2 protein chains.
Amino acid sequence: MRPLPEPATEQLSLASVLYALGDPVRLELVSRVVASPGMICSDADLDVPKSTLTNHWRILREAGVVRMAVDGRCRRIWLRADELSTQFPGLLDVVLRLGENESTPTAVH
Amino acid sequence: MRPLPEPATEQLSLASVLYALGDPVRLELVSRVVASPGMICSDADLDVPKSTLTNHWRILREAGVVRMAVDGRCRRIWLRADELSTQFPGLLDVVLRLGENESTPTAVH
DNA sequence: GATGATTGTTCGAAAGTCCCGAACGATCGA
DNA sequence: TCGATCGTTCGGGACTTTCGAACAATCATC
């Protein structure tokens, strides 16, 4: 499973991580990958065009929020939980906890 | 001191707040307004053009992060700390704590 | 009041970013 | 080999960001 490029732990910037999380679709994607570690992109199952989804995953990956690896046709995705809590202790926990309360307007099916 | 328009507490969205905080300049502005409640815009003293600064303050205000009020020629600014911790308990505390550790590349003087 | 200095907004142009459909490439199963 | 599936790339249109120049509002002083 070839991994896709991602920033090293020390390079993660708070502003980039907050920016990546500052979008309703991406917040929802993060919630789902927390619930389903190793999920594939299309498991997200949101009412968002494919190419837009690719872009959202890329932003999350380049900010260091998620890790992606090629697995056959698919991309498997994990939250970089350990690295994030090393660099930004408490941040993800708070955001995920608060994210649970928010509506998920883009959910579909 | 006429207040400038701002969203009501119940209307604050997590994504908008995170988006507003997801910029190095705005993170720095928030740090400074925490350190100096009631500061005026130009007290920020960053190496950023005036019109750009206006825009950053506007984004913070429209996301509900700060409150602004006209005071003579100036705009006084406060963090909406109580309202933010009502809607998003823990969020600001974490972000501000982490923000302290980050470099402040845009500081000047 | 006039004048000048100070504070911040508005405007417009240039550059950049985001969204999304269409076409494509890679992989898998039959 | 064929068709289906998964995701990327490309290109355009729309939107956003940045920033200088001009402007509006206020204040302090004469």
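Every chain is numbered from 1, with letters handed out A, B, ... down the list of sequences. Values in this document were obtained by computation on a predicted structure and should not be read as measured data.
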Trainee: Sort and list the pairs that fulfil ring pair (Phe, Tyr, Trp, His ring centres under 6.0 Å) and have at least one residue in residues 44-80 of chain A, not counting sequence neighbours.
Mentor: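 Qualifying pairs, neighbours excluded: none.
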Trainee: Below 4.0 angstrom from OP1 or OP2 of D:dG7, is there any side-chain N or O of A:Thr54?
Mentor: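 Negative; the distance criterion is not met.
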Trainee: Go through the structure and list residues passing salt bridge (charged side-chain N to carboxylate O under 4.0 Å, His left out) with A:Arg58, not counting sequence neighbours.
Mentor: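 Here the qualifying residues are A:Glu62.
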Trainee: Applying ring pair (Phe, Tyr, Trp, His ring centres under 6.0 Å) as the test, list every pair that has at least one member in residues 20-49 of chain B; sequence neighbours left out.
Mentor: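 Found none.
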Trainee: With sequence neighbours excluded, tell me which residues meet salt bridge (charged side-chain N to carboxylate O under 4.0 Å, His left out) with B:Asp43.
Mentor: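 Partners of B:Asp43 under the salt bridge (charged side-chain N to carboxylate O under 4.0 Å, His left out) test: none.
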Trainee: Students should find this one: the first and last nucleotides of DNA chain C, 5' to 3', lying under 4.0 Å from a heavy atom of chain B. What are they?
Mentor: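 On DNA chain C, the outermost contacted nucleotides are C:dA5 to C:dT10.
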Trainee: Just jot down the salt bridge (charged side-chain N to carboxylate O under 4.0 Å, His left out) partners of B:Arg75, sequence neighbours excluded, or say none.
Mentor: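 With neighbours one apart ignored, the set is empty.
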Trainee: Heavy atoms under 4.0 Å, any strand shown: does B:Leu53 hit a base, just sugar-phosphate, or nothing?
Mentor: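 Nothing, no nucleic acid heavy atom in range.
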Trainee: Strictly under 4.0 angstrom, non-hydrogen atoms only: write out the protein contact profile of nucleotides 10-29 of chain D, one letter per nucleotide from the 5' end, B, S or -.
Mentor: -------SBBB-----BB--
Trainee: Report the residues that fulfil salt bridge (charged side-chain N to carboxylate O under 4.0 Å, His left out) with B:Arg26, sequence neighbours left out, ordered by chain and then residue number.
Mentor: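 Applying salt bridge (charged side-chain N to carboxylate O under 4.0 Å, His left out) to B:Arg26 gives none.
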Trainee: A:Ser31: what forms a side chain to side chain donor-acceptor pair (under 3.5 Å) with it, not counting sequence neighbours?
Mentor: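 Side chain to side chain donor-acceptor pair (under 3.5 Å) list for A:Ser31, sorted by chain: empty.
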Trainee: So does A:Val33 get a backbone contact from the side chain of A:Ser36, meaning a donor-acceptor N/O pair under 3.5 Å?
Mentor: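 Such a contact is absent between A:Ser36 side chain and A:Val33 backbone.
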